[in-house]
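Read through the structure below, which is laid out as structure tokens, and then see the notes.
The structure displayed is predicted, hence computed values, not measured ones.
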Protein chains: 2
Amino acid sequence: MSKDELVREVATSLRLLQQSFDAFDEAAATALKLNRTDLRALDLLLAGSTPLSAGQLSAALKLSPAATTTVIDRLERARLAGRIQDPHNRRRILVAATDTAREVEQDVYAPVGVAGAKALAGYTTEQLAIILDFLRVARHVQEEQATRLTSARP
Amino acid sequence: MSKDELVREVATSLRLLQQSFDAFDEAAATALKLNRTDLRALDLLLAGSTPLSAGQLSAALKLSPAATTTVIDRLERARLAGRIQDPHNRRRILVAATDTAREVEQDVYAPVGVAGAKALAGYTTEQLAIILDFLRVARHVQEEQATRLTSARP
DNA sequence: ACTCATCTTTCGACACTCGAAACCTCCTGT
DNA sequence: ACAGGAGGTTTCGAGTGTCGAAAGATGAGT
């Protein structure tokens, strides 16, 4: 295959990969009976080691404070997160994932890690280094293009 | 860096890449004053060489026929798509992207292609082959995991 | 103390999606 | 021919998620 062809194939493969990510997220949300927003919020809560305040969650989700309140409400009702008063600042509340959420997360994401690791095991370290470099470059390009679009405000 | 470390780095880089894709899509939608669904629909209309019927669009978007009607309404109102009677079947309508849509698409996506090609130019064909292989493997893993989640229905 | 800023919640409105029913149009069997 | 059903899109009413603005509560500075 020529280099030009390869470049094109990489581009389309990237698009397809993106779609598969999307499909997986959709499947995960359905499996957990959550909407995409609530799943994103739960991921954020599970990712960090310390609980997030409602405001931090709002910023991270790029959602209005009002909407964030209802996100927390829904997660709380599903017993996946809980509100805690911030001991240092009683205006704030902290939102923490529950143990149930952690278990559920394991069920959903652990197999992905296993399958991913297995799939990567076949590559040499040199190859992995190339892949890693590519992933970072690709991300950089995407972010550059995203800022180009957001900063162009005529 | 050890191989294990590399594998972990690749995993997190993939997550970040996914997020950057999402950010770009969001930026593109905002730039075009469309919601994400309408943008997806427009992408589909622009991707194929022939117009899509409302039903095909509905299936491709995984949206109800009712919702698809309003998607088409919105795109039509924005002068980005138009309804055409199917000459062979008067029950159906075909939805086609307008020239305006094509121009707008160029503005948004052409620079991405250029930047992407430039970024990939530095790799050798061997490296590109590895990257391409990886992308396909990654997609396969994601799809497998997605089906695992969707098929598990107790 | 008072005032202003910070943080979350409540409220009313709007946008997107869905299922069900309606409406045309095509196809099939008689 | 044509009656009846299947295919394709739209309309309607309801449900859910999001927002901006205002309210409520607490903190910080003067």
Neighbours of DNA chain C within residues 54-69 of chain A, by heavy-atom distance under 4.0 Å: A:Ala54, A:Gly55, A:Pro65, A:Ala66, A:Thr69
Residues in contact with DNA chain C, drawn from residues 72-96 of chain A - heavy-atom cutoff 4.0 Å: A:Arg83, A:Arg91, A:Arg92, A:Ile93
CA sep, side-chain torsions, deciding dist, call: A:Arg8, A:Met1, side-chain contact (heavy atoms from CB on, under 4.5 Å): CA-CA 11 Å; A:Arg8 274 192 291 276; A:Met1 213 185 303; over 6 Å; no
From D:dT18, C:dT17, C:dC16, nucleotide with atom closest to B:Asn35 side chain: C:dC16
Side-chain heavy-atom pair B:Leu75, B:Val95 within 4.5 angstrom cut-off: no
Side-chain donor-acceptor contact under 3.5 Å, A:Gln145 with A:Arg148: yes
Where A:Ala54 and A:Thr68 come nearest, the two heavy atoms and their spacing: O-CG2, 3.6 Å
Value rounded to 0.5 Å, distance of CG in A:Leu34 from CZ in A:Arg40: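 Here the interatomic distance stands at 13.0 Å.
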Rounded interatomic separation in angstrom, taking CZ from B:Arg36 and C1' from D:dT18: 15 Å
Spacing of A:Glu26 atom CD relative to C:dT17 atom P, expressed in whole Å: 12 Å
B:Arg15 atom CZ, over 12 foreign heavy atoms within 6.0 Å: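 For B:Arg15, atom CZ is not crowded (no more than 12 foreign heavy atoms under 6.0 Å).
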Heavy-atom neighbours of B:Arg83 CZ exceed 12 at 6.0 Å: yes
Name the atoms and distances for all side-chain donor-acceptor pairs under 3.5 Å in residues 86-94 of chain B, with sequence neighbours left out.
unit_1: B:Asp86; atom_1: OD1; unit_2: B:His88; atom_2: N; d: 2.7
unit_1: B:Asp86; atom_1: OD1; unit_2: B:Asn89; atom_2: N; d: 3.4
unit_1: B:Asp86; atom_1: OD2; unit_2: B:Arg92; atom_2: NE; d: 3.2
unit_1: B:Asp86; atom_1: OD2; unit_2: B:Arg92; atom_2: NH2; d: 3.3
unit_1: B:Asn89; atom_1: OD1; unit_2: B:Arg91; atom_2: N; d: 3.1
unit_1: B:Asn89; atom_1: OD1; unit_2: B:Arg91; atom_2: NE; d: 3.2

B:Thr37 side chain near C:dC16 phosphate (N/O to OP1/OP2, under 4.0 Å):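 No, outside the criterion.
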